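Not measured: the values here are computed from a predicted model. In the text below, chain A, chain B and the rest are named by the order of the sequence lines, each starting its count at 1.
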There are 2 protein chains.
Amino acid sequence: MNITIYDIAQKCHVSIATVSRVLNGSSRVSEKTRAKVLKVMKEMGYKPNPFARGLGLDSMKIIGVICTDVADIFYAHAVSLLEDGLRKHHFDVMLSNTGSDTGHNGKYISDMAGKHVDAIITIGTPFSSESDVRLLCETARQIPVITINSDYHQPRMYSVVCNERDGMKDVVAALANKGCQHILYIYNSLTYSGRHKLDGFRQGIKELNLPHKAELIQQTPRTLTDTEALIDRLVAGNVDFDAIVTSDDIFAVGAQRAALRHGLDIPVIGCNNSILAECATPTLTSLDNKLTNLCAAAVNIVTELTTKGADAVPIRTEFNAELVERESFTT
Amino acid sequence: MNITIYDIAQKCHVSIATVSRVLNGSSRVSEKTRAKVLKVMKEMGYKPNPFARGLGLDSMKIIGVICTDVADIFYAHAVSLLEDGLRKHHFDVMLSNTGSDTGHNGKYISDMAGKHVDAIITIGTPFSSESDVRLLCETARQIPVITINSDYHQPRMYSVVCNERDGMKDVVAALANKGCQHILYIYNSLTYSGRHKLDGFRQGIKELNLPHKAELIQQTPRTLTDTEALIDRLVAGNVDFDAIVTSDDIFAVGAQRAALRHGLDIPVIGCNNSILAECATPTLTSLDNKLTNLCAAAVNIVTELTTKGADAVPIRTEFNAELVERESFTT
DNA sequence: TTGTACGCGTTATCAA
DNA sequence: TTGATAACGCGTACAA
């Protein structure tokens, strides 16, 4: 079996309480015994048992992170940023991949809650069905829930978002400013982020009095080939467009490639400013949703909740999006 | 506070032992009391405390997964596959991002071990310094360590690898078969995988009696711009090459783009068969290292270790690589 | 400054 | 088939 504080105490001729005290640094222990205990700990290779500690404190310094798919480059980046930030504050990360928002992802929430994580951070929109959302809100009553790019307006839920709606409006304005009239918008799903981007696009079109035809707003599966096929169909159907905006870089890659194949050398703008935008030829201009800021804010909330308390923490944190210009479009 | 088995026991007029028994299903309990206990559990919304359980069993069904960077598309994919597979077997995943192989990553190992994870899975080469490797091997004596694309040949360490060496030899052969003589190889670091690919490349060159010049093997930082700059320098320096092979798709993207800029329409082959290969124009042929198989095997090892026992589990599992052909090269 | 004793929620080992 | 009780390792009042 493992070394326990009892072993240390025995070897040091002190009580377990004393050992526990030097372990937690807090209470007052004579410098002499502290040194001795620390020395013996190191010698014996003592490691505190996290279960026992957790049992008393009801905390194991683990944060649950939930997203639909870490294999997706965007979520992967977010998880990476969160992990780095949390680790700096001595939190571990338990990862949960829901697969996709099936409407029956509640089990992931209760699993996490059952494991007694110290907080839950969701990225994107892993939960949208009524039952899932309800469960999430109930869970929030017991442990803090931080949502990145979602907002449920519930007690003990902390929302961190990027204002992609206004960002998208600016994109439309920038394109219009260059003379584009018929902007094609390609998206995949109506997540929180997806809805706001689409709203922003529509609003931009409206405010600038650009022609808005239904055929200029298209939905597509999340693959390159589907997106290319979509462009092929539109061209074949004589749908006119002089610019393309997409809700994710991946669609922009496919759309741009297909457009160029048809001789359409038009502005293309993606979203998320991922490595994919840099891999495309020409490189893609992309609307950056400031993931670094979002994740840093989420980490901040976690730490401040434990140090300061629930009231000292903002329930909503919002950042502006930023257009990162590359070859596919410059203002 | 939460509901405990004491509460359930009291309400059912039975002892906690009985409650514990129905909880674990194992021991014999009369159907009548079992039903009653289960009913009350549901009524009161009882959730077993994982810490207390962990304290007794010294296990919380958590697997530690360690890699250098989840933000990297390859590791992200691996983590995703592992998470999915492990969750199906009711394991949770604790993620640890070392950042890069600094030679001082031992703390991540002891952290994991200290958290009493049930096993550790490493992806790639997060540990290579002597001290880190020693620590990893020592840790393996206490908890199983499964290494994906690494091999330390130590007791209680289970290695799952892809034979990229032979895969790379085949790549060279395929290029030579098409008449390529001066193949440029671009890599980043000498991880386990990196070493084997480079070895395979060298061996392929040698066995086919192709000219091997030092300047045809180049190292580069892991960025697109650096890789493009590398090609620019080589071209400016009149280094002749008629094909490019790279240790990762990201380098292939940059190299191909730069080469095309210089009018060099030559075969380009990447590694890992990631989405990046599909985003490039032309799309990139890539050596797939069968990550899906590797991760499935790792998950298998974890589950079989607990069910069957250490001796029933293979200490080394090897898969073949596979060349996935796209526009940048076809055999 | 230090030590004693109890609680945390479960599992497991005895008896009954 | 059940029940009482001892671990499991740590934190912490309370006492000394």
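- Looking at heavy-atom distances under 4.0 Å, Val19(A) makes no contact with the nucleic acid at all.
- Separating the CZ atom of Arg53(B) from the P atom of dG9(C) is a distance of 14 Å, rounded to the nearest angstrom.
- Geometric assessment of Lys290(B) against the ring of Phe319(B) yields a negative cation-pi assignment under the 6.0 Å and 45° thresholds.
- A donor-acceptor pair under 3.5 Å is absent between the side-chain atoms of Thr125(A) and the main chain of Phe127(A), judged by distance alone.
- Asn2(A) places its CG atom 12 Å from the C1' atom of dC8(D), with the value rounded to the nearest Å.
- When distances are taken from the side chain of Ile5(A) to each of dT2(D), dT5(D), dC10(D), the shortest belongs to dC10(D).
- Rounding to whole angstrom units, CZ of residue Phe51(B) and C1' of dC10(D) are separated by 13 Å.
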**OP:** Carefully, step by step, assess Asp132(A) and His104(A) under the rule side-chain hydrogen bond (donor to acceptor under 3.5 Å, both in side chains).
**Re:** CA-CA 7 Å; Asp132(A) 283 353; His104(A) 302 286; 5.9 Å; no
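- Look at Ser15(B) and you'll find a side-chain N or O under 4.0 angstrom from OP1 or OP2 of dG3(D).
- One finds a side-chain N or O of Asn24(A) lying less than 4.0 angstrom from the OP1 or OP2 phosphate oxygen of dG11(D).
- A close approach under 4.0 Å does not occur between any side-chain nitrogen or oxygen of Ser20(B) and OP1 or OP2 of dA12(C).
- Asn149(A) and Cys162(A) get closest at one heavy-atom pair: OD1-N, 3.3 Å.
- Taking every side-chain heavy atom of Ala17(B) into account, dG3(D) is the closest of dG3(C), dT11(C), dG3(D).
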**OP:** Would you check, one step at a time, whether the test salt bridge (charged side-chain N to carboxylate O under 4.0 Å, His left out) holds for Glu83(B) with Arg87(B)?
**Re:** CA-CA 6 Å; Glu83(B) 207 273 347; Arg87(B) 184 164 301 278; 2.7 Å; yes
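- Residue Thr68(B) comes nearest to Thr98(B) through the heavy atom pair CA-OG1, 3.2 Å, listed as atom of the first residue, atom of the second, then distance.
- Each end of the helix from dT1(C)-dA16(D) to dA16(C)-dT1(D) gets its own axis from five base pairs, and the two axes differ in direction by 40°, given to 10 degrees.
- Salt bridge present: Lys115(A) and Asp92(B) bring a charged side-chain N and a carboxylate O closer than 4.0 Å.
- Atom CD1 in Ile16(A) sits roughly 12 Å away from atom P in dG9(D) (whole-Å rounding).
- Nucleic acid contact class of Tyr6(B) (heavy atoms, under 4.0 Å, all strands): base.
- Taking atom CG of Asp7(A) as the reference point, atom C1' of dC8(D) lies 13 Å away to the nearest angstrom.
- Within 6.0 Å of atom CD in Gln10(B), 12 or fewer heavy atoms from other residues, nucleotides or ligands are found, so the atom counts as exposed in its surroundings.
- For Arg21(B), the listed nucleotide lying nearest its side chain is dG3(D); candidates were dG3(D), dG11(D), dC14(D).
- Residue His13(B) is in sugar-phosphate contact alone, with no base atom involved, counting any heavy-atom pair closer than 4.0 Å across all strands shown.
- In this entry the distance linking CG of Asn49(B) with P of dG9(C) reads 7 Å, nearest Å.
- Taking atom CE of Met60(A) as the reference point, atom C1' of dC8(C) lies 15 Å away to the nearest angstrom.
- As judged by a 4.0 angstrom heavy-atom cut-off over every strand, Lys32(B) is placed among residues making no nucleic acid contact.
- Note: CG (Asp58(A)) to C1' (dC10(D)) measures 14 Å, nearest angstrom.
- For the OP1/OP2 pair of dT1(C) and a distance below 4.0 Å, the side-chain nitrogens and oxygens of Thr18(A) include no atom meeting the criterion.
- Across all strands shown, Leu57(B) has heavy atoms under 4.0 Å from sugar-phosphate atoms exclusively, and none from any base.
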